[in-house]
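These notes concern the structure reproduced below.
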There are 2 protein chains.
Amino acid sequence: MRPTVNDIAREAGVSLATVDRVLNDRPGVRAKTAEAVQEAIRRIGYVRDVAAANLARQRDYRLAFVLPDTDSQFIRTLLGALTDAGHLSAALRTDVVLRRFPAEDPHALAGILAALPEAGVVGVALMAPETPVVRDAIRSLRQKGLAVVALVSDLPNTERDHFVGIDNRAAGRTAAVLTGRFLRAGPARVMVLSDSMLLRESIERRLGFDEVMQARFPGIGVLPSLETHGQGALLHDFVGQTLARYPDIGGIYSLGSGQRALTTCLDRLGRAGQLVVIGHELTPHARTALESGAMDAVITQNVGHVVRSALRVLRAKADRGPIDLSQEQIRIEIVIRENLPASLPPGPGTRLSAAREEN
Amino acid sequence: MRPTVNDIAREAGVSLATVDRVLNDRPGVRAKTAEAVQEAIRRIGYVRDVAAANLARQRDYRLAFVLPDTDSQFIRTLLGALTDAGHLSAALRTDVVLRRFPAEDPHALAGILAALPEAGVVGVALMAPETPVVRDAIRSLRQKGLAVVALVSDLPNTERDHFVGIDNRAAGRTAAVLTGRFLRAGPARVMVLSDSMLLRESIERRLGFDEVMQARFPGIGVLPSLETHGQGALLHDFVGQTLARYPDIGGIYSLGSGQRALTTCLDRLGRAGQLVVIGHELTPHARTALESGAMDAVITQNVGHVVRSALRVLRAKADRGPIDLSQEQIRIEIVIRENLPASLPPGPGTRLSAAREEN
DNA sequence: GCAGGAATGACGTACGTCAATCAAAGAGCC
DNA sequence: GGCTCTTTGATTGACGTACGTCATTCCTGC
């Protein structure tokens, strides 16, 4: 049988009340007595029954996900994973609230963050670019005792508790190795596309990409990044012109997650399947592109894993409990057509309640 | 506030007892009444508080992992993941017992399996080759109400509830694409090594490998598999002879998980780093081989994920609950030096208790 | 309309923990 | 020794669910 608090009390020769005080480090216990209790705990190998504890405590974890209101495929995938996970974690007394902020408005974001403590939120997963305003908002949240994790995009110079996502520089390096090795012939050029080079991810990926390209594939010339800002027309023109100007272009590296515009553009230019095309994030479009051969590889992170990891970490932080780093490490996945995971129907479809969804 | 069973009772206009009967589908409720209760559940959005339920039920999940007693790196990694997971899932009222069986003795295995029900085990994760004896043992376990999942190696013609692992044919296809694309020049040959071609994994991987090779890389000749049976000397001789006989060998595909013998052998032959070397399973040796450049890619599955998934599935099956397929899908991961996950120190080191470890 | 079985209700206890109370015992100080 | 102030003990009622017993009500067929 698993030992309980009563066993500790008996073993340590103290009362249940004292054990409780020690367990929840409440004041009113002499250091020596506390040590005796700890010793008893160690001796009989007691582990707190979190379920019973949470039941008694009437605890529920109210966690907020704060995301930009951009309507990209990636965000949509993330939201899908979030609703799935939210449904499952009902069993874990977890209650997820979603907040969206105007992508280009750090002050609006700060306002949303500032309002979270009053909404009873005890932990926040935040996907946002790092700005001074955001830095301050995070500090203020932390001071109020909320746990904060950075999601997908790290916020290294803030007081966030944890980062859930991949090392984008390593992701860029990975992309470079694949590009370099997939290009069979000798000298060639590679085009680099990006939604916006203001995003930390894009910069880091590019950095990693260039590192490897210079060191391991000196015969391959890498063109400067083009920022498309989500504008298909701009992309189409540029890709067409560049391909015409440099006939030796053998590959395209797409730093961002928007792959649809690129593949349709290559299609219209009649160049689909002729170039090595590598991009990021396994969105539905990327998936079809891999299946059709329009893309050769996608570097991605498992979004479901990202969301679940964020939830676990936030719960652990809220309890000041430990986290299992090996489980929380998000892997940089390489996906080609052959190891494409089967696409599953969306989850049980529990929407986050409307009341919570609106702002 | 989250709705409780009492709310259901009030809402449906029945007593608590009836609600309970419906929830745990016990007999003694008219179909019409049961439907009314279900309707009330739907209406108020009740979700059972699994924690409280398990607490009340005094339930704990006693799950067994049954593995061969081979001392390979892969098994060792698996065991590591298992002890880590076992430690964590103490909080989930889960209690893992480990059983090892002599690798070549199906009858011993059957004996071990047969003894599980009496040990109070409610679910079994089994890694073993499929034999008639095992098939019967599994059927008998299922009849006694135990849940059975196949681990790593599938048992498709048995009555197992679920398979936790990867599609090895797809893994072989993936290996083929990488081999083919990494070999820069035109025509070449590829050597294939295997511990034993009797294992289902090896056969399936080879199958997938050949499929892709024939279809997409007709210029590459694939040699027949050599079975090394874990004997380094044999491997060394064969690799040396084959390399001498076919000077156009450009790559080696290692079907099994033992990579150490291969890399040391290439080292001694002075051919390390000159061939495209691709293998399976991210063991510590494979990791060093990737880091040193002795291997080019490893196709692997996340062992931690495999173990946790098996635990989740077994718990769910034991409760006749649903499982979240998207979370339980094990991905075929491609690992190269650039996306090698950081190696973490082993977990908190809770050994499975000795009493349980010894058969 | 009545027996007989099936369906339902009422109630109590338990699970392991938390949190609060009040009382009692001990320590430290003058 | 008498006084605070701190530490400890004993007890109790939740939390949401399971599950048993026993009593009662509802159908169904005759």
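Each chain gets a letter, A, B and so on, in the order the sequences are listed, and its residues count up from 1. Note that the coordinates shown come from a computational prediction; the quantities given were computed from them, not determined experimentally.
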When the side chains of residues 153-161 of chain A are checked against the rest of the protein, which donor-acceptor pairs come out under 3.5 Å, sequence neighbours left out?
{"unit_1": "Ser153(A)", "atom_1": "OG", "unit_2": "Glu201(A)", "atom_2": "OE1", "d": "3.1"}
{"unit_1": "Asp154(A)", "atom_1": "OD1", "unit_2": "Arg160(A)", "atom_2": "NE", "d": "2.9"}
{"unit_1": "Asp154(A)", "atom_1": "OD1", "unit_2": "Arg160(A)", "atom_2": "NH2", "d": "3.2"}
{"unit_1": "Asp154(A)", "atom_1": "OD2", "unit_2": "Arg160(A)", "atom_2": "NH2", "d": "3.1"}
{"unit_1": "Thr158(A)", "atom_1": "OG1", "unit_2": "Leu155(A)", "atom_2": "O", "d": "2.7"}
{"unit_1": "Thr158(A)", "atom_1": "OG1", "unit_2": "Arg160(A)", "atom_2": "N", "d": "3.3"}
{"unit_1": "Glu159(A)", "atom_1": "OE2", "unit_2": "Arg139(A)", "atom_2": "NE", "d": "2.8"}
{"unit_1": "Arg160(A)", "atom_1": "NE", "unit_2": "Leu155(A)", "atom_2": "O", "d": "3.2"}
{"unit_1": "Asp161(A)", "atom_1": "OD1", "unit_2": "Arg142(A)", "atom_2": "NH2", "d": "3.3"}
{"unit_1": "Asp161(A)", "atom_1": "OD2", "unit_2": "Arg142(A)", "atom_2": "NE", "d": "3.3"}
{"unit_1": "Asp161(A)", "atom_1": "OD2", "unit_2": "Val148(A)", "atom_2": "N", "d": "2.8"}

Subject >> Integer-rounded Å distance: dA14(C) P and Asp60(B) CG >> reply: 19 Å
Original post:
When you measure from the side chain of Thr4(B), which nucleotide among dT8(D), dT17(C), dG16(D) comes out closest?
Top reply: dG16(D)
What side-chain donor-acceptor pairs closer than 3.5 Å can you find for residues 13-20 of chain A, not counting sequence neighbours?
{"unit_1": "Ser15(A)", "atom_1": "OG", "unit_2": "Ala17(A)", "atom_2": "N", "d": "3.3"}
{"unit_1": "Ser15(A)", "atom_1": "OG", "unit_2": "Thr18(A)", "atom_2": "N", "d": "3.4"}
{"unit_1": "Ser15(A)", "atom_1": "OG", "unit_2": "Thr18(A)", "atom_2": "OG1", "d": "3.4"}
{"unit_1": "Asp20(A)", "atom_1": "OD1", "unit_2": "Asn24(A)", "atom_2": "ND2", "d": "2.9"}
{"unit_1": "Asp20(A)", "atom_1": "OD2", "unit_2": "Arg26(A)", "atom_2": "NH2", "d": "2.6"}

Give me the distances for all protein-to-nucleotides 26-30 of chain D N/O pairs that come in under 3.5 Å?
none

**OP:** Please identify each residue that fulfils side-chain hydrogen bond (donor to acceptor under 3.5 Å, both in side chains) with Arg308(A), with sequence neighbours left out.
**Re:** none
Original post:
Rounded to whole angstrom units, what separation is found between the CZ atom of Arg26(A) and the C1' atom of dT6(D)?
Top reply: 17 Å
Subject >> Residue whose nearest DNA chain C nucleotide is more 5′ - Ala34(B) or Val5(A) >> reply: Ala34(B)
Subject >> side chain to side chain contact (heavy atoms under 4.5 Å, CB included) against Ala36(B), all qualifying residues, sequence neighbours excluded >> reply: none
Original post:
Considering only dG16(C), dT8(D), dC19(D), which nucleotide approaches the side chain of Ala52(A) most closely?
Top reply: dG16(C)
Every protein N/O lying under 3.5 Å from an N/O of nucleotides 9-13 of chain D:
{"unit_1": "dG9(D)", "atom_1": "OP2", "unit_2": "Ser15(A)", "atom_2": "N", "d": "2.9"}
{"unit_1": "dG9(D)", "atom_1": "OP2", "unit_2": "Ser15(A)", "atom_2": "OG", "d": "3.4"}
{"unit_1": "dG9(D)", "atom_1": "OP2", "unit_2": "Thr18(A)", "atom_2": "OG1", "d": "2.4"}
{"unit_1": "dG9(D)", "atom_1": "N7", "unit_2": "Arg21(A)", "atom_2": "NH2", "d": "2.8"}

Original post:
Does Leu63(B) reach the side chain of Val122(B), with side-chain heavy atoms less than 4.5 Å apart?
Top reply: yes
Protein and nucleotides 23-25 of chain D: nitrogen or oxygen contacts under 3.5 angstrom:
none

Original post:
Among the nucleotides dA18(D), dC15(D), dA19(C), which one has an atom lying closest to any side-chain atom of Leu55(A)?
Top reply: dC15(D)
Original post:
Got a sec, which residues hit side chain to side chain contact (heavy atoms under 4.5 Å, CB included) with Ala34(A), two or more places apart in sequence or on another chain?
Top reply: Val22(A), Val29(A)
Original post:
CZ of Arg57(A) versus P of dG16(C): gap in Å, rounded?
Top reply: 17 Å
Subject >> With Tyr46(B) via side-chain hydrogen bond (donor to acceptor under 3.5 Å, both in side chains) - residues at least two apart >> reply: none
Subject >> Rounded distance in Å - CG (Asp49(A)) to P (dT17(D)) >> reply: 16 Å
Original post:
Within this structure, what is the CG-to-C1' distance between Asn24(A) and dG16(C), rounded to whole angstrom?
Top reply: 13 Å
**OP:** Send over the distance from Ile8(A) CD1 to dG16(C) C1', rounded to a whole Å.
**Re:** 11 Å
**OP:** Could you tell me whether the side chain of Gln301(B) reaches within less than 4.5 Å of the side chain of Val152(B), counting heavy atoms only?
**Re:** yes
Original post:
Starting at CZ of Arg10(A) and ending at C1' of dT8(D), how long is that distance when rounded to a whole Å?
Top reply: 19 Å
**OP:** Can you sort out the partners of Arg331(B) under salt bridge (charged side-chain N to carboxylate O under 4.0 Å, His left out), two or more places apart, ordered by chain and number?
**Re:** Glu333(A)
**OP:** Write out all pairs satisfying salt bridge (Lys or Arg N to Asp or Glu O under 4.0 Å) with one or both partners inside residues 29-39 of chain B, taking only residues at least two apart or from two chains.
**Re:** Glu35(B)-Arg42(B), Glu39(B)-Arg42(B), Glu39(B)-Arg43(B)
Subject >> Distance, rounded to the nearest Å, where Asn54(B) contributes CG and dA14(C) contributes C1' >> reply: 15 Å
Original post:
So do the side chains of Tyr61(B) and Leu311(B) get within less than 4.5 Å of each other, counting heavy atoms only?
Top reply: no
**OP:** Just jot down the side chain to side chain contact (heavy atoms under 4.5 Å, CB included) partners of Ala125(A), sequence neighbours excluded, or say none.
**Re:** Phe65(A), Val149(A), Leu151(A), Ala310(A), Leu314(A)
Original post:
Between dC15(C), dC18(C), dT17(C), which nucleotide has the shortest distance from any of its atoms to the side chain of Asp20(A)?
Top reply: dC18(C)
